[in-house]
Engineer: 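One structure, as structure tokens, below. Some questions next.
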Amino acid sequence: MKINFLIGGPQGRGVETASFMFIYGVGSAGYYVFARREFWSNIAGGRHSYVVGSISESWPAPAPGNSVDLALTFDGHAVLEHVFHLRRGSYLVYNTEEDSKTPDSYTMMSKALAERLKNFAKEHGFEPTVKGYVEYLRQNGVEIIGLPYNKHITEIGRKIGVTSPVMLARFVNTFVVALGAALLGLSEEHVASGVGFALGKKAEVIEQNKKVASEAMKLVEKRVATLQQRNPQTKRVFWNGNEASAYGKIVGGVRFVTYYPITPATDDAMTFERLMPYPVSKNAGELSKFEKIGSVAFQAEDELAAIAIAMGGAIAGARSATATSGPGFSLMAEALSLAGMMEVGVVVTLWMRSGPSTGQATRQAQQDLLFSLFIGHGEYPKIVYASGDLEEVFFDNIKVANWAERYRVPVIHLVDKNLSNTFAVMPLPDISKVKITTVRPVVYPQTQEAEAYPLDEIVAPKLLPGISNAIFHLNSLEHDPEGDPEEDPVVVTKMFEKRMAKIRLIEGEIPPEEKVLYFGPKDAEKVIVGWGSTKPAILTALDELKDVGFLYVKMLYPFPSNIVREYLKGRKTLFIENNYMGQLALITRMFAGVEPTAVAIKFNGRPITTDDVVAAYRRFETGENVIKIESDL
Amino acid sequence: MKINFLIGGPQGRGVETASFMFIYGVGSAGYYVFARREFWSNIAGGRHSYVVGSISESWPAPAPGNSVDLALTFDGHAVLEHVFHLRRGSYLVYNTEEDSKTPDSYTMMSKALAERLKNFAKEHGFEPTVKGYVEYLRQNGVEIIGLPYNKHITEIGRKIGVTSPVMLARFVNTFVVALGAALLGLSEEHVASGVGFALGKKAEVIEQNKKVASEAMKLVEKRVATLQQRNPQTKRVFWNGNEASAYGKIVGGVRFVTYYPITPATDDAMTFERLMPYPVSKNAGELSKFEKIGSVAFQAEDELAAIAIAMGGAIAGARSATATSGPGFSLMAEALSLAGMMEVGVVVTLWMRSGPSTGQATRQAQQDLLFSLFIGHGEYPKIVYASGDLEEVFFDNIKVANWAERYRVPVIHLVDKNLSNTFAVMPLPDISKVKITTVRPVVYPQTQEAEAYPLDEIVAPKLLPGISNAIFHLNSLEHDPEGDPEEDPVVVTKMFEKRMAKIRLIEGEIPPEEKVLYFGPKDAEKVIVGWGSTKPAILTALDELKDVGFLYVKMLYPFPSNIVREYLKGRKTLFIENNYMGQLALITRMFAGVEPTAVAIKFNGRPITTDDVVAAYRRFETGENVIKIESDL
Amino acid sequence: MQQLVKRTPADYRWVRPPEWCPGCGHFGVLQSLYNAFAELNLDPSKIVLVSGIGCSSRLPHFVRTTSVHAIHGRAIPYALGIKLANPSLEVVVVGGDGDLMAIGGNHLLHLGRRNVDMTVILMDNSVYGLTRGQAGPTLPPGLKVKAIPKANPQGEINPLLLALTAGFTFIARGYSYDIKYTTKLIVEAIRHKGSAFVQVYSPCVTYNNIMTREWYEKRIYKLEEADPSWDPVVHDEKEVDTKIRKALDKIVERDRLPLGIFYKNELVPTFEERYESIYDPNYRALPPALQPIEVDGKPVVDFEKLIADKIL
Amino acid sequence: MQQLVKRTPADYRWVRPPEWCPGCGHFGVLQSLYNAFAELNLDPSKIVLVSGIGCSSRLPHFVRTTSVHAIHGRAIPYALGIKLANPSLEVVVVGGDGDLMAIGGNHLLHLGRRNVDMTVILMDNSVYGLTRGQAGPTLPPGLKVKAIPKANPQGEINPLLLALTAGFTFIARGYSYDIKYTTKLIVEAIRHKGSAFVQVYSPCVTYNNIMTREWYEKRIYKLEEADPSWDPVVHDEKEVDTKIRKALDKIVERDRLPLGIFYKNELVPTFEERYESIYDPNYRALPPALQPIEVDGKPVVDFEKLIADKIL
Ligand SMILES: Cc1ncc(C[n+]2csc(CCOP(=O)(O)OP(=O)(O)O)c2C)c(N)n1
Ligand SMILES: Cc1ncc(C[n+]2csc(CCOP(=O)(O)OP(=O)(O)O)c2C)c(N)n1
Ligand code: SF4
Ligand code: SF4
Ligand SMILES: [Mg+2]
Ligand SMILES: [Mg+2]
């Protein structure tokens, strides 16, 4: 069983709440859900936003494609936005009270989309009204559930004693969700769980909405499916990518997070902040005497400060991280170069979004790979590591924190808007797998001078101010072992080589399976190569594409050249990336010397879907080598 | 004829003045000079600094190697710093009054160097005193001119009526230069020119120093060479790389330069500032009615502002540039991404120095190539272009200003510390070759709305506020043709492609000879590949290395893949670079898919010399493929 | 040649409507700006509105003038570059408290000391609207606005004190729901010769549930109403110190919040004037943006003359 | 366990000598710092001196304490991070006018409002020494110091006014050739609970040929000498406004330059105190740098409890 759904309506008017209600409701019946949110980069104003996802009995739930089985729309605008995301057999729930509206009457619709819709109607010879498009869909086999929303809501309101228009308007969420739930054969009790989860604490409100749901469910008789209560036999969590990241940090011992607000990174740091103080585990040794412990979560004045403060935290001895997105990351270039030089281990969780510049601040891209690899002036060691799904986001946060401390280099952890806004009901990660590797600081019996940069060790013993009883100098200038400025050609050469030797050290110590993963038949002649959040879509597509392998690269720098070369030797490769340049393909050529066969690119701000992967692969098979993907769900 | 010389002494005590005096004096006799300065990254304090160069009858003068024919030293410290830069037949001029000093007595000498010197003396069984090292040199065929400086200066002072110790101390420059001049057989009159040039306006000071020079010249009878007055038959200029850059900007129509002080970039912008107002040419059309014109030279509060203000200047319609070095460049990442998005043509003159971080702020490196190529989040078009000598620095400033305006993209002009501190007496560039290509702005008869980003042109017509009578919106967000925020997938795809299409446009329009140059035999089996300021050393080495070609790459992005591939096809390649990673080798593999045979790298903060190139090539011929260069002159 | 027309506020309205939450204070600033431009009858192609990033920084898209919607925190240097390259333009910066005072604080500080003839309008709501309600630098300590997980542990900065420190020569404060008054202040600010700063209290109805319309209306009052003799203008060099001290006295008020003009001094030379006297006597007649740079591809500068002292 | 020792200024002297020009004002600041550390008898391994880039920012290399010589303009955020992660450290920032007020101005502004318990010492010479003499942000307009091609077209910023705007709760000014007095101010600043700011006039003998020793000595005077009743301390909440106004009155003086403590208020809670009360009651006892994070590789935080409300 696999159902793709969509819930769409005007931004800032409850679409998000409706989605939570729906997803939680489905989840409470024992299913897994994998969904993602699309929205415009402004707070309100009525732009169209939506959540698209899939429901499954097993995990990982399949990644959605370019059309859905069930579309729940708030208004006519939403219908129009999704005309091309429905197909024969899909269900559309919409408000018939908007039938007479035209694309132009939705002032918040992109002019370009309105044009396209009107032309389409003209070409196909129907009226450019909501009704016209709905009829077109119906003729093309889409199952239509049209209801006069307000009329029904008013009636339900009357039944439950609510008449104020403002309050009635607030019922739309629940009303739409209930229609969807009914179509999925969900029981009232699960819808009620969703209502309770999504609407927070006010008991009265919850009661009213439960009643609204119950009434609304009676309005539809059709069934898309019948989601019966099932027992998934495992603890499940409902969270999003930002949250998974924050939990990973806390579990991984990060106790110092700085941020300057930016979409889609802020919720990582703010979750870290919101969860404070954290409950102490029973087996926490000396800490067990505390019930809760804290951390520092700090909103800086800008990203220049955010990274510097985080590095300060690391210098003092805390596991430190900062979360940002492209524009903020750009501002961290100088400090990252310093981290390399001064040998400070700090993590930057980089939530990529569509650029350049402010670009599409709430849309998906994987454009910052090359920049991450070479950010900052001068040459210095670093680690660039990417996660591809929520479980990885959680566990990788722990890994990168370990590495930052172990190698004392900046670690750039690549995640993206797609992951941040993925909402999943999924198995709770098994933290028995977690291993936190701390490095104990030197503690001298008495205050004494110490070398911060001894030449005989690639990574120096850990000196902490106030803890080590050590007097030592850290320095952004090229320096001698004591950290004092030095320009002697022999010393500077040694110091440079010592820093760069970390690259080999990292390459040698981190096991291959943490660098790349290979899926599919071992001897496949053709291999898809990808990184980051395209992973679920590519994996889902593999079910359909037989005989193809998938090389999934997590370690981007130091690039695992040998391993990648080994995997790709003698095979045809299709690189699939959410960017324009085919950046992984470029670095594969640069570092591994492997010539990519073809690149499939998507750079319209939307994630790569399962259907995109399948279609790109088909085109690859016909010999295309630059495959532009333009789908837009 | 070719003479390599060196003038060295404690930083901040007249070494620079002495060098100017010497170079100008030699130049005034009709010779060409090619010299470079090495100094520590602090203002004073007595660290050792020096100028090393070559004198020639023709231009280009050969690039220096790792030893000199004539070393003029101010003190014993300077002698010790250059023990290994002298060879059989070299001349050393030094102060015998320092004979008894040891390495340890020079507190500003690097401890590491002092250690090495002491060990060396021990190994070779001599006393670790200045005298000991001098004797060692003498035994190894170095011609020693030892004089008690202060004794002589005091005597000369007495002759010319100067007795104050402070004033006498100021004569050291002239004294040392005069000794050198005498050794080169230069006439008194030319030394006097040098004195006049270097010591500025005070007539009395100049007269005294001329007398000092005249007396000092009598103290040596030996001759290294006899530089007779000659007529070079061409106008010559004495300038340095920062100055050549500033003159290029002014000639090239740049009228807006911002900066935040940073070594070694500041003197580019400050020369631009100092020269204001600029004399107007006779053939300046409507401008001829002005005798002089001005520009804006602006010291910003930081580099974030410097680049933004420069971009503001470009938006208003001025040719705009900013000059910086690594740390400042890092701070410009976000704005450069904006320049790509908003389509603003601005030039960043990047004076690279040794990193990472503050690194060796006054030392040479070519470490910022990869960073320049991929700086800033998101994907956007840009140009990265490198100069290799002072003539190029001058002309390339004009070219990059043309391109910034033509393509409306950020242009990163790569120059470096080596170029900035190259002092040359060389032919005045022939500006009849210059072609300034301006783009005329649209001017509407009446105020009207206009599209800043029409989809049908890769580079939009030029709209200027207040000049075009146009109302238009520039935007950092992804936008529609009118510049308003847009997230429609179809429009954003077109806009993205339109921007990236500039890359092909640039590739197509800029002629091949401005991208790469090839020197040496057409059919050489082996080719040295290089970029930037290693050019003179590699070219000089080619005289010695027969049968080897030199592919010199100026256009780094968009990378001229086809041309480079064509040149390198089937040949063995040695990439020579002033960095650790072999960055040109990496991008050649990335973009052109060419596998480099070997890389020679130097990353100790010192430039690559002619001897380095020759030695690296010899090692390359024996099959080494990572050749580390460690020389230190 | 432009025709002489009398423009109305509607002439400055862009075709696309504002995308702010209903009731947002920023609407009032927008309307005041339309009004001010109309009152000054400015040619929309000669105005350059510059902003950074934020709900407030979207404002230029709702205005029919030339505009530059730049990056977060850098509106001022972009505006400065435009103005310096072509001083005949009317350059106005708009932005939020996050944009102009958190990430952009340094540029505000350094604009004032230059006294370039341009205007900065701070649309102050004490939160980061566009990123969903975090604390802005003008949010008092200890307040817990809607979207932040804990009360604000950081102190606040007084924008007018900052403007005075920076050296702005015109300093005023308005309130966005009082459009008439805000219009007047903006008109004065644009007319002022030198760097002008106008803080406008502009409540965020979505995220700032504490500093609301009611909150402000309990506290604000107008300087000239409270003290009819109030005169913030420096009429004579000798008055500078007294007027600064008087302004400071009002600026540091905290329990009640004065609106109006706090300080105005046109006796300080503008940067443009100083530049003209120090660097280039033709600067304003022939600024960078208006200079031809070539004739038939040849430079207008006489290279050999320029470099004469470097020729051997 | 550290021994109880009484340290002397020489105990804080690093093995390598300062590399400043002879006569540079920075020597005086250095000596004052040695003296102050000795007077407070601070353990050199518990002091963290943090600087950016500049002649002044080299200072930490001449001191026998732990130090971080960071990047230009960012000393304050580095210091802040260190202090927040381990509030038991004594964190002192030193830097020049270029470093702390030009490129670093924003961090100074935002440190003050947090009132973190640390000290910032501005070594003010009104030029950029290390880059060879360009105008600093405290150089008055119209002055043409030695190395700049034209007179300074930009205005100046008053560091103390900026510190007050920012919210520093200790504000003082010293003079580097008066080592005894500067020592005293630094001692007071370090002792102060909250963010302390000390401006020290520290002439650059190589590039500032106008604001020289003579120039300063003609202008400076000491607050408490001019007015024996001078008391900058806020003893009671109610005094805040008066004391601020009094400080302002002295801070804006321009013809004569007062030295001394202008303002001191320990009644404002420090950031650390606020953080403790809002975020984490154990913050100072168990700050991030002192927390164990694992036992045998296993997290000390109870994940399932932490995530309980997200479990279905
Ligand atoms: C470098 C950078 N950092 C962060 C952001 C994210 N960001 C967008 S708007 C904003 C703050 C907006 O607050 P304010 O300026 O007060 O405007 P308001 O929305 O409140 O009107 C932030 C932090 C960004 N765009 N760029
Ligand atoms: C990002 C960056 N920009 C510029 C520089 C160059 N720089 C080094 S020191 C300095 C200014 C120093 O002036 P100040 O802080 O006043 O110290 P002083 O030397 O006068 O003591 C500058 C601009 C740099 N190191 N980093
Ligand atoms: S979020 Fe606040 S500032 Fe932004 S538009 Fe809405 S009300 Fe206005
Ligand atoms: S240049 Fe100025 S600030 Fe720097 S050391 Fe010399 S005198 Fe001091
Ligand atoms: Mg705001
Ligand atoms: Mg200074």
Side-chain angles (χ1 to χ4, degrees), chain A residues 40-41 110 112-113 116 326-327 329-331 333-334 337-338 340-342 354-361 363 365 367-368 370-371 373-380 476-478 480 485-493 496 500 579-581 586-587 589-590 593 595 603-606 630 632, chain B residues 40-41 110 112-113 116 326-327 329-331 333-334 337-338 340-342 354-361 363 365 367-368 370-371 373-380 476-478 480 485-493 496 500 579-581 586-587 589-590 593 595 603-606 630 632:
Chain A
W40 283 67
S41 62
S110 283
L113 172 60
R116 290 199 299 278
F329 187 58
S330 277
L331 290 174
E334 194 194 4
S337 172
L338 175 62
M341 177 57 126
M342 207 154 68
S354 183
S357 199
T358 316
Q360 299 182 82
R363 305 286 178 182
Q367 294 174 14
D368 298 335
L370 281 160
F371 182 39
L373 255 54
F374 303 114
I375 187 171
H377 59 287
E379 297 169 307
Y380 62 94
S476 74
L477 278 69
E478 192 56 279
D480 63 15
E486 179 60 278
E487 300 179 20
D488 176 75
V490 177
V491 178
V492 304
T493 300
F496 209 112
M500 296 307 267
N579 58 41
Y580 180 95
M581 294 171 76
L586 283 172
I587 67 172
R589 188 150 70 178
M590 167 159 51
E595 189 66 36
F603 50 93
N604 64 1
R606 276 64 179 175
E630 297 190 79
D632 67 348
Chain B
W40 283 66
S41 65
S110 284
L113 173 59
R116 291 199 299 278
F329 187 58
S330 277
L331 291 174
E334 194 195 4
S337 173
L338 175 62
M341 178 57 128
M342 207 155 65
S354 183
S357 199
T358 316
Q360 299 182 81
R363 306 286 177 181
Q367 294 174 12
D368 298 335
L370 281 161
F371 182 38
L373 254 53
F374 302 114
I375 186 171
H377 59 287
E379 298 170 307
Y380 62 94
S476 75
L477 278 70
E478 192 56 278
D480 64 14
E486 178 61 278
E487 299 179 21
D488 177 75
V490 177
V491 177
V492 305
T493 301
F496 209 113
M500 296 306 266
N579 58 41
Y580 180 94
M581 295 170 74
L586 284 172
I587 66 171
R589 187 150 70 177
M590 166 159 53
E595 189 67 36
F603 51 92
N604 64 359
R606 276 64 179 174
E630 297 191 81
D632 68 347

Engineer: Are side-chain heavy atoms of B:P489 and A:E630 found at a separation under 4.5 Å?
Structural biologist: no
Engineer: Between A:Q367 (side chain) and B:E379 (backbone), is there a donor-acceptor pair under 3.5 Å?
Structural biologist: yes
Engineer: In chain order, what residues pass the ring pair (Phe, Tyr, Trp, His ring centres under 6.0 Å) check against B:F371, with sequence neighbours excluded?
Structural biologist: B:F329
Engineer: Side chain, backbone, both or neither: which part of B:S41 has a heavy atom under 4.5 Å from chain A?
Structural biologist: both
Engineer: Atom CD in B:E487, atom CG in A:L113: separation rounded to 0.5 Å?
Structural biologist: 13.0 Å
Engineer: Once ring pair (Phe, Tyr, Trp, His ring centres under 6.0 Å) is applied, do any residues pair with A:Y380, and if so which ones, sequence neighbours excluded?
Structural biologist: none
Engineer: Nearest 0.5 Å, what's the CD-CD distance between A:Q360 and B:E478?
Structural biologist: 5.5 Å
Engineer: Between A:S330, A:P356, A:P327, A:G359, which has the largest tally of heavy atom pairs under 4.5 Å with chain B?
Structural biologist: A:P356
Engineer: I'd like to verify something: which residue of B:V490, B:V491, B:L373 has the highest number of heavy-atom pairs under 4.5 Å with chain A?
Structural biologist: B:V490
Engineer: With chain B as the partner, which of A:A333, A:S476, A:A365, A:S354 has the greatest number of non-hydrogen pairs under 4.5 Å?
Structural biologist: A:S476
Engineer: Output the option from A:E595, A:M500, A:M590 having the highest count of non-hydrogen pairs under 4.5 Å with chain B.
Structural biologist: A:M590
Engineer: Using a 4.5 angstrom heavy-atom cutoff, name the option from B:T493, B:D632, B:D480 with the most pairs to chain A.
Structural biologist: B:T493
Engineer: Could you check which of A:G355, A:A112, A:G326, A:S357 has the highest count of heavy-atom pairs closer than 4.5 Å to chain B?
Structural biologist: A:S357
Engineer: Measure up the B:F496 and A:F603 rings against each other and bin them: parallel (under 30°), tilted (30 to 60°), perpendicular (over 60°).
Structural biologist: tilted
Engineer: Rounded to the nearest 0.5 Å, what separates atom CG in A:L477 from atom OG1 in B:T358?
Structural biologist: 5.0 Å
Engineer: Are A:R363 and B:V492 side-chain neighbours, meaning at least one heavy-atom pair lies under 4.5 Å?
Structural biologist: no
Engineer: Sort out for me which of B:G376, B:P485, B:A361 touches chain A most, counting heavy-atom pairs under 4.5 Å.
Structural biologist: B:G376
Engineer: With rounding to the nearest 0.5 Å, note down the distance linking CD1 in B:I375 to CD1 in A:I375.
Structural biologist: 8.5 Å
Engineer: Quick one: closest heavy-atom pair of A:D488 and B:S110, and the distance?
Structural biologist: CB-OG, 3.6 Å
Engineer: State the CZ-CD1 distance between B:F374 and A:I587, to the nearest 0.5 angstrom.
Structural biologist: 10.0 Å
